[in-house]
Amino acid sequence: MTADRDPSNREIADAFTLLGDLLTIEGAERHRVRAYHRGAERIRDTRESVAALARAGRATGLPDIGKTLQSKIVELADTGTIAALERVKERVPAGLVELARLPGVGPGRAVAMWRELGVTDMESLRAAVGEGRLTDVPGIGPKLAAGIAAAVAAHRDDAPAPRVGAGVALPLAEEFAAVLREHPAAARVEVAGSLRRGREDAHDIDLVVATDDPAAVLAHLAASPLVDEVAAAGPAKVAVISNRGLRVEVTCGPPGRFGNLLQHATGSAAHNTRLRERAKRMGYSLSEHGWTGPDGEDGAPDEEAVYALLGLRTPDPEIREDRGETERGLGDAPFPELVTGADLAGQVHVHTTWSDGRETLPHMVEAARALGYRYLGVSDHSQSLALTRGLTPDRVRRQWDEIDALNDGFGDGFRVLKCTEMDILADGGLDFEDDLLEGFDLVIASVHQGVSAGGDAVTRRLLRAIESPHVDVIGHPTGRKRPRREGASIDIDAVAEAAARTGTILEINGQPPRQDLDSDMARRALEAGVRLLVSSDAHSPAELGYVSYGIRIARRAGATAADVANCAPWPWRCR
DNA sequence: GCCGTTTTCGGCCCGACTGTTTTCAGTCG
């Protein structure tokens with residue numbers, strides 16, 4: 001890193017994360033390590049430039065950032081490095097950090113392998129595995145050695161932790177919940193964990209069960225054809241590998257304490273830690289089983305009582321990420337009411353057989369009316385996307401005739417809107433001429449080709465499109481389409497700033513492979529003052545339901561109905 | 001290293017499970 005520009009928040013956070021990781025391996029006092037890790041998370045979650053804050057002496061105004069971290073941030077900005085980090089790198093091989101992240105390893109065993117075998121990175125560990133020397137390490141027997149060997153074999157340099165989209169994980173979670181509900185001893189079954197918090201992807205599925213007979217319920221689950229393998233088992237909880245390869249954790253607890261269990265299993269871990277620290281200061285010890293305090297031991301059947309014990313209002317699961325929600329739960333102002341699917345007045349991003357949709361325009365309209373919407377925007381593709389039978393100007397005008405005829409027939413105020421999902425061309429130009437664009441009720445502009453050209457190129461195209469007075473909405477801004485491709489790493493802050501300034505709306509596309517914007521980007525957009533569109537991008541009547549995945553993202557971003565354009569009746573307030 | 005219903009020092013969240021062990025450390029969530 002050079003010192004000619006301030007380090008980004010991500011770069012600062014990465015430096016503190018690495019420093020904390022190396023200190024852990026070195027055996028530093030764990031609370032000091034946690035201070036670095038907490039500081040890193042806080043910096044990652046901050047929208048303002050933390051380097052600029054630190055230079056002004058105001059970074060200590062952020063929670064978890066004290067004088068020491070602030071001075072190290074300034075040091076990083078001024079010199080491009082942190083001396084303390086360089087020193088610890090000389091004492092500890094940096095390759096051990098990667099080893100400590102292998103499943104079943106961790107800092108303790110990474111250090112033991114370093115001391116006993118001279119292992120310093122993945123390559124030397126692979127050699128030690130090949131020579132069968134792992135069991136020479138005290139505390140590593142044949143089972144752990146085999147597990148570590150398997151982890152090394154499965155390791156790929158560029159592989160992030162495997163995660164699956166909510167479009168796969170949520171239906172699978174419901175299948176498991178249904179199996180658990182079959183058992184008469186299961187009084188209540190809920191999906192918890194990151195899926196309940198609305199995350200758009202998951203590395204496992206967490207389920208909680210209220211029951212007085214956990215052994216019977218868990219035995220019933222283990223016998224299900226959904227279960228491939230039992231990975232871990234105790235009296236009240238099991239972890240199984242589903243027949244789809246995803247890990248599923250099921251925890252049981254008594255109905256009278258279900259609130260504690262559900263709260264604990266929902267997390268996040270950082271949120272729970274914050275709650276338990278608060279509980280401790282108040283003289284309680286809080287866990288998934290209940291609490292002990294001045295009045296003895298107790299628990300609660302619902303989550304609200306758990307938060308009430310701590311003097312807090314209950315935050316929606318989607319915002320339990322230790323981003324200040326416990327502090328806000330203390331104050332007088334209630335939490336903002338997050339948007340729900342029932343708030344939607346209509347949808348405006350759907351396709352029909354005019355382009356690549358699978359159902360005719362009248363049938364899509366019929367489906368939207370059946371869902372209770374007040375309007376449906378039909379937004380077929382534009383001419384450049386030949387693959388999708390994109391509409392030429394001539395076909396656009398014929399589609400408008402069909403829409404006009406339909407609109408004449410509604411007696412209840414329902415309206416079909418003339419929309420387009422217009423391609424943003426390679427140079428950021430638009431796919432239709434101005435005089436045609438003026439005839440649309442709403443113009444959604446999207447990048448479909450050249451996503452892999454990189455974040456800078458896509459950002460430039462988006463920024464140019466945003467500046468056009470004819471563009472109302474930017475569709476699926478990063479172009480993500482999993483598993484085929486990850487989205488472009490766009491500069492969301494620059495895009496959001498331009499969108500806020502011009503009144504351009506940014507889309508949260510609910511198609512499971514897209515889920516674009518994701519919740520982090522949508523949150524930054526909201527903080528910049530941008531309005532959002534929540535859409536299904538439906539190509540069939542059933543796909544109108546994909547809007548629910550978009551709602552999950554919007555809630556997680558902290559959006560209220562006022563933040564979501566299509567919660568308003570048509571016509572929307574314009575720029 | 002951070003921070004305050006313990007307030008400028010002395011604390012810092014809680015429990016389950018596994019594999020290695022004869023009583024517990026390490027990892028995970």
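Letters A, B, ... are given to chains in the order of the sequence lines, protein chains preceding strands, and every chain is numbered from 1.
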**Item:** salt bridge (charged side-chain N to carboxylate O under 4.0 Å, His left out) partners of A:Arg91, counting only residues at least two apart
**Value:**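 A:Glu26.
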**Message:** Determine whether a donor-acceptor pair (N or O, by modelled atom type, separation under 3.5 Å) exists between the side chain of A:Arg257 and the backbone of A:Pro301.
**Reply:**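 Not at all, since once roles are kept as given, no pair shorter than 3.5 Å links the two residues.
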**Asked** Checking side chain to side chain donor-acceptor pair (under 3.5 Å) for the pair A:Arg44/A:Thr17: CA distance, chi angles, key distance, verdict?
**Response** CA-CA 10 Å; A:Arg44 241 183 277 278; A:Thr17 299; 2.6 Å; yes
**Request:** Write down the partner of B:dT8 under the Watson-Crick or G-U wobble criteria, each distance required to be under 3.5 Å.
**Result:**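 In the structure as shown, B:dT8 has no Watson-Crick or wobble partner.
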**Asked** By a strict heavy-atom criterion of less than 4.0 Å, which residues belonging to residues 292-306 of chain A are in contact with DNA chain B?
**Response**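 Here the set is empty: none.
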**Item:** Of residues 312-330 of chain A, the positions that come close to DNA chain B - non-hydrogen atoms, cut-off under 4.0 Å
**Value:**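 Close to the strand, none.
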**Message:** The criterion is ring-ring contact (aromatic ring centres under 6.0 Å, His included); which residues satisfy it with A:Tyr546, sequence neighbours excluded?
**Reply:**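 Not a single residue meets the ring-ring contact (aromatic ring centres under 6.0 Å, His included) criterion with A:Tyr546.
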**Prompt:** Contact class for A:Pro63 (heavy atom, under 4.0 Å): base, sugar-phosphate, or nothing?
**Reply:**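 Answer is sugar-phosphate: A:Pro63 comes under 4.0 Å of backbone atoms only.
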**Asked** Heavy atoms under 4.0 Å, any strand shown: does A:Gly104 hit a base, just sugar-phosphate, or nothing?
**Response**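 The residue A:Gly104 makes sugar-phosphate contact but no base contact.
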**Message:** Between A:Glu321 and A:Arg197, does any side-chain N to carboxylate O distance fall below 4.0 Å?
**Reply:**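 Looking at A:Arg197 together with A:Glu321, the answer is yes, because their closest N to O distance falls below 4.0 Å.
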[N] [atom2] sits how many Å from [X] [atom1], rounded?
X	N	atom1	atom2	result
A:Lys67	B:dG1	NZ	P	14 Å
A:Phe16	B:dC2	CZ	C1'	13 Å
A:Glu116	B:dG26	CD	P	13 Å
A:His37	B:dG1	NE2	C1'	13 Å
A:Gln70	B:dC3	CD	C1'	16 Å
A:Ile82	B:dG1	CD1	C1'	14 Å
A:Arg115	B:dG26	CZ	P	13 Å
A:Ile65	B:dC3	CD1	P	8 Å

**Request:** Give every residue pair that meets the ring pair (Phe, Tyr, Trp, His ring centres under 6.0 Å) criterion with at least one member in residues 292-340 of chain A, sequence neighbours excluded.
**Result:**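 As it turns out, the ring pair (Phe, Tyr, Trp, His ring centres under 6.0 Å) pairs with a partner in residues 292-340 of chain A, which skip direct neighbours, are A:His271-A:Tyr307.
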**Message:** Are the side chains of A:Val208 and A:Val189 in contact, using a 4.5 Å heavy-atom criterion?
**Reply:**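 Answer no - side chains too far apart.
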**Request:** With DNA chain B as reference, determine whether A:Thr60 or A:Arg281 sits nearer its 5' end, using the nearest nucleotide of each.
**Result:**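 By nearest-heavy-atom nucleotide position, the 5'-most residue is A:Thr60.
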**5' priority, DNA chain B, between A:Arg101 and A:Ala35 [closest heavy atom]** =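 The 5'-side residue here is A:Ala35.
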**Asked** How does protein contact run along nucleotides 11-19 of chain B, one letter per nucleotide 5' to 3', with B for base contact, S for sugar-phosphate only, - for none, heavy atoms under 4.0 Å?
**Response** -BBSSSSSS
